[in-house]
Visitor: 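Attaching a single structure in structure tokens format; questions to follow.
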Amino acid sequence: MTWENLEYPKKVALARVISDAILADKIIDEEEIRKYQTLVGGNSTRVLFYDAMTFPLSHAVDVLQGNSDEEQEYVSDLLNSMIISDGVCTPSEAKFQTALEYCLKHNEMHFVGGKPSRKYEIKSFRLSDLYLGKRFVFYIEDKYNHKENAEIQQNYSIISRLLASIGFQFIYIPRMAQLYKDKGREMFEGMAMFLFPEINDTAISSAYETITRMTTADFVENYLAKKMGIDMTSVSPSLLVMLGKSNVITNHTSSIGLRYDTYANLLKINLFNDESVVQAVDKFVSDHNRRVSINHIFEYDPSNTKLLYQGMYKVFFNMVVLAEDNPTLLRVDISTKTGTVSINGRLVNLNTAPASLCVLIIWASIMGDSRGIPKYDCATEEQKEYWQQKYQQIYAIMKNDPQGVYEPRPIYNTIKNRFSELKRLVGETTDVNIFGEETCDAQKYIRFVMSAANVYVDNRPMKDDPVWANL
């Protein structure tokens, strides 16, 4: 297996992972750069690296999870050689390498509720103005799980000290809520007055009530998702491990002229079938320590009884007291280089086929006759043939091969299920309904309900692009 044998999308994905691996320890090593240039070769290095920077780490890992056994072995060996090219594995590199090995080599599939789910996932989310801590492990759940919570309550000290041994804070919302409650309202009001003198007494009192009654599910839904855009809807309780941050090229220019967004990368460890939290944490710590060369740890709060104002503790406090919900302003970005669709900078988890269907509906709604595409139960044979032809053209464009000839499965055979799944995946990215159904001339249509001004293709408004105007 060689670099040349890989398909271009996999090369781009691997380049994204390698670049994040090189920067994991915040040191740009000369040997790492030489290895990268030798691997990619020639003038293609900059183009490949640019394409790799147009999407986050999570998408790159998803692409590489579809590798054959031979490709997986090649990718794993290549990443290991890149990460420890200087012979030293720092704590930052160790957690990154551990996460990659989990996802790419030891990621068994589980069926939960009749649907396949991977044991390990990399999640990437664009960061807002709120600072996110560097080293934490977060327990999350959609609804209260009695077994997992009972285990954490009983073994909280063991879990937190295991993670503290490698420099991580364990974040467990009920414990934080109880800590604020134990300190009392007077202490909370005094602390809030010191930190946020502009907040009135009523807001402070309300924040105290909210914090002391907070559950994990409340925090995940109302704060992580709605205020930070970190949507962690899950089929099971999970652990989130902060891996670090990386940049993604964007078409938005910041106030100081930067053209990239910063993403947080997290390892999600799904706890299927009431798996032991202690065992999952112990495995991660052991696998981390097997790789790391040296650990320098300073434990902030050995007793776990102090109110900290750093890391996720600071995020928790600021989100409840200060942060407002994310605005619903919508922008859809389509990348033909990577075959992806993003909404407000957040990548929608779509493979080529559903991404192409998504783009087809958008194109038909704003570039065609504006009605969208006919629904599955009322399309004529002539319409089915026409829209299949357009779908195949868009499929080729999303494969970054506009002249290629592809014959994907006929969309109208399964479009009802495809559209339902598409809406579900888009719904995991935004609360805004971007698709709707309308009746026109006694026929029902599926259409994109936002303005054409909301849609960009490769950083250019779709409506101004001759390729799409003449499709």
Side-chain angles (χ1 to χ4, degrees), residues 8-9 12 47 50-51 54-55 249-253 259 329-348 350-375 379-408 410-412 415 418-419 422-423 426 429-430 432-441 443-471:
Y8 187 73
V12 176
V47 174
Y50 179 90
D51 289 347
T54 61
F55 55 79
I249 294 173
T250 178
N251 42 26
H252 305 288
T253 302
R259 296 202 58 175
L329 179 67
L330 188 108
R331 173 179 170 131
V332 177
D333 281 283
I334 300 163
S335 171
T336 62
K337 290 184 177 181
T338 57
T340 56
V341 177
S342 299
I343 299 176
N344 286 348
R346 296 168 62 191
L347 193 73
V348 186
L350 302 173
N351 294 324
T352 304
S356 300
L357 176 60
C358 179
V359 176
L360 173 67
I361 296 170
I362 293 173
W363 176 84
S365 304
I366 66 177
M367 301 291 287
D369 61 10
S370 77
R371 291 180 298 183
I373 65 174
K375 283 194 70 178
T380 66
E381 291 303 317
E382 183 179 2
Q383 287 175 324
K384 290 178 182 179
E385 184 177 345
Y386 172 80
W387 288 113
Q388 180 66 26
Q389 179 186 6
K390 294 300 180 186
Y391 173 70
Q392 289 181 202
Q393 289 179 261
I394 290 174
Y395 188 93
I397 293 172
M398 296 298 282
K399 294 284 284 186
N400 197 25
D401 184 17
Q403 306 305 317
V405 178
Y406 298 91
E407 295 185 5
I411 56 172
Y412 272 98
I415 195 171
R418 285 191 185 196
F419 182 56
L422 176 60
K423 286 202 300 182
V426 169
T429 305
T430 178
V432 182
N433 292 320
I434 69 171
F435 295 121
E437 299 178 13
E438 291 188 7
T439 301
C440 183
D441 298 330
Q443 192 171 32
K444 295 179 180 179
Y445 290 83
I446 299 169
R447 67 185 307 272
F448 177 70
V449 297
M450 312 302 294
S451 166
N454 296 70
V455 182
Y456 290 75
V457 180
D458 298 328
N459 298 337
R460 182 177 186 176
M462 176 183 269
K463 60 184 178 62
D464 297 337
D465 193 321
V467 171
W468 296 90
N470 299 314
L471 188 68

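Counting from 1, the numbers follow the sequence of the chain as shown.
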Visitor: Please report the shortest heavy-atom distance between W468 and T336, naming the atom on each side.
Guide: CZ2-CG2, 4.3 Å

Visitor: Pick from I434, I366, L422: which one makes a side chain to side chain contact (heavy atoms under 4.5 Å, CB included) with I361?
Guide: L422

Visitor: Please enumerate all residues that pass side-chain contact (heavy atoms from CB on, under 4.5 Å) together with Q393, with sequence neighbours excluded.
Guide: Q389, K390, L471

Visitor: Where is the tightest heavy-atom contact between K423 and F435, given as atom of each residue plus distance?
Guide: CG-CD1, 4.4 Å

Visitor: Run the side-chain contact (heavy atoms from CB on, under 4.5 Å) test against A379 and tell me which residues pass, sequence neighbours left out.
Guide: P374, Q383, K384, Y412

Visitor: Between atom SG of C358 and atom CH2 of W363, what is the distance when rounded to the nearest 0.5 Å?
Guide: 15.0 Å

Visitor: To the nearest 0.5 Å, how far apart are CG in D465 and CD1 in I334?
Guide: 10.0 Å

Visitor: Check step by step if side chain to side chain contact (heavy atoms under 4.5 Å, CB included) holds for S335 and D458.
Guide: CA-CA 5 Å; S335 171; D458 298 328; 4.0 Å; yes

Visitor: Walk me through it: do M450 and V455 pass the test side chain to side chain contact (heavy atoms under 4.5 Å, CB included)?
Guide: CA-CA 9 Å; M450 312 302 294; V455 182; over 6 Å; no

Visitor: Looking at S356 and I394, what are the two nearest heavy atoms and their distance?
Guide: O-CG2, 3.8 Å

Visitor: Do you know the tightest heavy-atom contact between M367 and K463?
Guide: SD-CA, 3.6 Å

Visitor: Between Q392 and P408 (side chain of the first, backbone of the second, donor and acceptor by atom type, cut-off under 3.5 Å), is there such a pair?
Guide: no

Visitor: Check A355 against M398 and note the closest heavy-atom contact, atom names and distance.
Guide: CB-CE, 4.1 Å

Visitor: Which pair of non-hydrogen atoms, one from W387 and one from G372, has the smallest distance, and what is that distance?
Guide: CZ2-O, 3.6 Å

Visitor: Counting neighbours of CG on N351 that are heavy atoms of other residues, nucleotides or ligands and sit closer than 6.0 Å, is the number greater than 12?
Guide: no

Visitor: What residue among D401, D51, N400 forms side-chain hydrogen bond (donor to acceptor under 3.5 Å, both in side chains) with Y8?
Guide: D51

